[in-house]
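Read through the structure below, which is laid out as structure tokens, and then see the notes.
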Amino acid sequence: SQQGEEDPQALSIQEGENATMNCSYKTSINNLQWYRQNSGRGLVHLILIRSNEREKHSGRLRVTLDTSKKSSSLLITASRAADTASYFCATDGKTGNQFYFGTGTSLTVIP
Amino acid sequence: DGGITQSPKYLFRKEGQNVTLSCEQNLNHDAMYWYRQDPGQGLRLIYYSQIVNDFQKGDIAEGYSVSREKKESFPLTVTSAQKNPTAFYLCASSIEGLSYNEQFFGPGTRLTVL
């Protein structure tokens, strides 16, 4: 399977702290995306990083990509209680037209 | 408002019955997708369609069927051949069926087999 794996599976932090979650995948990719899912809801796109990019920022989000290690990380700075959700990475393999989602990291931000 | 809708939100099925989950989008997107999510798991692709009247199997298509007669609609039928259908089903769409496009997700349908 090309499915990615997020690490850790669960993360609990205090409001204001930074949260880092990691994604590892198995095959070469064109693009990697991160999504967020609130409990029982659909997913919401956060950020896309292309295989020729090493780092990308969007507001309080910072994503890095290391294609040599087949891994990506998502950093959420100055976390808020509203950031409590599950976070998934999605990779495309080399097919370019479908996504493979990881197993997710469940983040809890304690007020 | 533009968006993607799924209905119903909750669905109960008796064993041996076929059920159809609805997915509609008014985003004028070419590509549409169906995923299955089991508790504590990631999403697995069931079927996807990059254009009207065309669709491809994903990783877990057995026991499911789809149609794409209209650009706006991509219904999923869960047949009695699907041995373990209880799950959360998510529909998504994107401008094109390419991986640099963001996917927009519906709110999901939770299917329970009684």
Side-chain angles (χ1 to χ4, degrees), chain A residues 1-10 21 23-53 56 58 63 65 72 85-107, chain B residues 3-10 21 23-25 27 29-51 54-61 87-112:
Chain A
S1 168
Q2 294 175 274
Q3 189 176 41
E5 295 260 348
E6 279 90 345
D7 171 59
Q9 287 189 331
M21 50 206 88
C23 167
S24 58
Y25 54 91
K26 297 179 182 177
T27 63
S28 297
I29 61 170
N30 295 306
N31 301 288
L32 185 145
Q33 301 194 25
W34 283 91
Y35 287 81
R36 163 197 170 119
Q37 183 182 34
N38 287 80
S39 181
R41 308 288 292 275
L43 278 69
V44 175
H45 179 263
L46 295 175
I47 197 166
L48 175 147
I49 188 165
R50 300 181 189 277
S51 60
N52 62 354
E53 297 176 313
K56 205 161 181 181
S58 177
V63 169
L65 179 65
S72 174
S86 292
Y87 293 82
F88 295 89
C89 67
T91 58
D92 61 352
K94 278 298 186 181
T95 62
N97 58 6
Q98 58 177 297
F99 290 104
Y100 300 91
F101 282 82
T103 50
T105 290
S106 176
L107 173 66
Chain B
I4 181 164
T5 58
Q6 292 184 242
S7 62
K9 187 172 182 179
Y10 298 96
L21 282 59
C23 177
E24 302 277 334
Q25 54 97 1
L27 300 167
H29 285 174
D30 284 323
M32 297 186 75
Y33 308 81
W34 273 106
Y35 294 94
R36 170 183 171 138
Q37 186 178 29
D38 292 283
Q41 300 296 313
L43 280 65
R44 291 184 290 168
L45 183 65
I46 304 172
Y47 269 99
Y48 66 101
S49 168
Q50 294 184 289
I51 198 168
D54 186 50
F55 47 83
Q56 285 80 42
K57 293 181 179 180
D59 296 329
I60 57 165
F88 189 50
Y89 290 86
L90 286 160
C91 181
S93 69
S94 61
I95 292 174
E96 299 172 313
L98 297 173
S99 65
Y100 55 78
N101 296 139
E102 170 186 350
Q103 290 198 348
F104 292 78
F105 282 81
T109 292
R110 190 167 299 279
L111 173 64
T112 302

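Every chain is numbered from 1 and lettered A, B, ... according to where its sequence line falls, protein lines coming before strand lines. Every heavy atom of this structure was used, including side-chain atoms; hydrogens, water molecules and symmetry mates were not.
Contact annotation for A:E6: neither backbone nor side-chain heavy atoms come within less than 4.5 Å of a heavy atom of chain B. Interface remark: B:Q37 contributes side-chain atoms only to the contact with chain A (heavy atom separation under 4.5 Å). Looking at A:L43, the atoms closer than 4.5 Å to chain B (heavy atoms on both sides) sit in the backbone and in the side chain alike. B:F104 does not touch chain A: none of its heavy atoms, backbone or side chain, sits under 4.5 Å away.
With sequence neighbours left out, A:D7 forms a side-chain hydrogen bond (donor to acceptor under 3.5 Å, both in side chains) with no residue at all.
Annotation: side chain of B:E96 is in contact with side chain of B:N101 (closest heavy-atom distance under 4.5 Å).
To the nearest 0.5 Å, atoms CG (A:L65) and SG (A:C89) are separated by 10.5 Å.
Aromatic ring centres of A:Y100 and A:Y25: separated by at least 6.0 Å.
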